[in-house]
Amino acid sequence: MSWFEALILGIVQGLTEYLPVSSSGHLAIGQALFGMEDGADNLMFIVAVHVATILSTIVILWSEIDWILKGLFKFELNAETKYVLNIIVSMIPVGIVGLFFKDQVEEIFGSGLLVVGCCLLITAALLIFSYYAKPRQKEHISWKDAFIIGIAQACAVMPGLSRSGSTIATGLLLGNKKESLAQFSFLMVIPPILGEALLDVMKMVKGEDVTGNIETLPLVVGFLAAFVAGCVACKWMINIVKRGKLIYFGIYCAIVGVLTIIFSL
């Protein structure tokens, strides 16, 4: 992987992690266009750019994270503690998938662009449907809604099925307010991605080859590109959700999904 390829893929990851268009799907498309094959080099790079986007989330949403931490350490059942409990509840489905279906998910990731294209069409349908649906608005995200949104996140491990698109669209269909959904959607992904990164670090400590032959420069370039693009996209996406403009991303996913399916045939 060259530094230029790392730059492009890092920007793609940073932008698409928050925009509801599937970062995993776009990374798979980008790797296919660059003629890259699955391997240890790609694994290490993907881990690096995912950690970069998590750091961008922490930077952009630091005021909310600071509010949560201050309330949490009061050791009482306040609004902040309930928020954390909702995040923990939302992690249960993706935790089950990670523990019991990890091998099956990895097989799906290596099954080609046809799956990516089909999942992009599902993302498009979710976004368009949530745009036209007008359920009754709720004041707060309940633990039940958090669990259902968590199921959407677990399903979004499929390449091409957008995590942010699935969780935000599901939350909207459940009647949750747009203002709180984007923030919750971005915060709930921090623990699972950091956990996945920790598992890969443990593999390295045990001597398993997850670093491959990737050079330091492409890794650093990709990391920085994903971080900067992630900061821009995270802030942008929060404003987009508040204005309810997700339908345009649904149309985009439908077009890219159809083109990807055609390209894969």
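Keep in mind that the numbers below use all heavy atoms, side chains included, and drop hydrogens, waters and symmetry copies.
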Do [X] and [Y] make a side-chain contact, defined as non-hydrogen atoms from C-beta onward lying under 4.5 Å apart?
X: Ser56; Y: Glu17; value: no
X: Val49; Y: Leu9; value: no
X: Leu121; Y: Cys253; value: no

Using a 3.5 Å distance criterion without hydrogens, assess whether the side chain of [X] forms a donor-acceptor pair with backbone atoms of [Y].
X: Arg163; Y: Ser185; result: yes
X: Asn176; Y: Asp145; result: no
X: Ser166; Y: Thr123; result: no

Qualifying residues under side-chain contact (heavy atoms from CB on, under 4.5 Å), relative to Ile148, sequence neighbours excluded: Lys144, Thr170, Leu174

Leu217: side-chain contact (heavy atoms from CB on, under 4.5 Å) partners, not counting sequence neighbours: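 By the side-chain contact (heavy atoms from CB on, under 4.5 Å) rule, Leu217 matches Trp3, Val221.
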
Greater than 12 external heavy atoms within 6.0 Å of Trp67's CH2: yes

All side-chain hydrogen bond (donor to acceptor under 3.5 Å, both in side chains) counterparts of Asn239, not counting sequence neighbours: none

side-chain hydrogen bond (donor to acceptor under 3.5 Å, both in side chains) against Tyr131, all qualifying residues, sequence neighbours excluded: none

Donor-acceptor side-chain pairing of Tyr83 and Gln183 below 3.5 angstrom: yes

Residue pair Thr81 / Asn78, side-chain donor-acceptor N/O under 3.5 Å: yes

Distance (rounded to the nearest 0.5 Å) between Ile54 CD1 and Leu187 CG: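 That separation rounds to 9.5 Å.
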
Reported CG-to-CG distance for the pair Leu161 and Leu120, which is rounded to 0.5 angstrom: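 So the CG of Leu161 and the CG of Leu120 are separated by 8.5 Å.
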
Residue list, ring-ring contact (aromatic ring centres under 6.0 Å, His included) with Phe227, at least two apart or on another chain: none

Sequence-distant partners of Phe249, ring-ring contact (aromatic ring centres under 6.0 Å, His included), two or more places apart: none

Side-chain heavy atoms under 4.5 angstrom apart, residues restricted to Ile, Leu, Val, Met, Phe, Trp, Tyr: same cluster for [X] and [Y]?
X: Leu181; Y: Tyr132; result: no
X: Tyr252; Y: Phe263; result: yes
X: Val258; Y: Ile261; result: yes
X: Ile58; Y: Met237; result: yes
X: Leu19; Y: Ile247; result: no

Verdict with supporting geometry, Val51 and Phe223, side chain to side chain contact (heavy atoms under 4.5 Å, CB included): CA-CA 8 Å; Val51 171; Phe223 182 91; 4.3 Å; yes

From CA spacing to verdict: side chain to side chain contact (heavy atoms under 4.5 Å, CB included), Gln13, His50: CA-CA 8 Å; Gln13 162 62 27; His50 271 88; 3.8 Å; yes

Non-hydrogen atoms of Phe184 and Ile87 that approach each other most closely: CE1-CG1, 3.7 Å

Working for side chain to side chain contact (heavy atoms under 4.5 Å, CB included), residues Met188 and Met91: CA-CA 7 Å; Met188 67 185 280; Met91 291 166 50; 5.9 Å; no

Steps toward side chain to side chain contact (heavy atoms under 4.5 Å, CB included) verdict (Ser90, Phe147): CA-CA 5 Å; Ser90 74; Phe147 184 76; over 6 Å; no

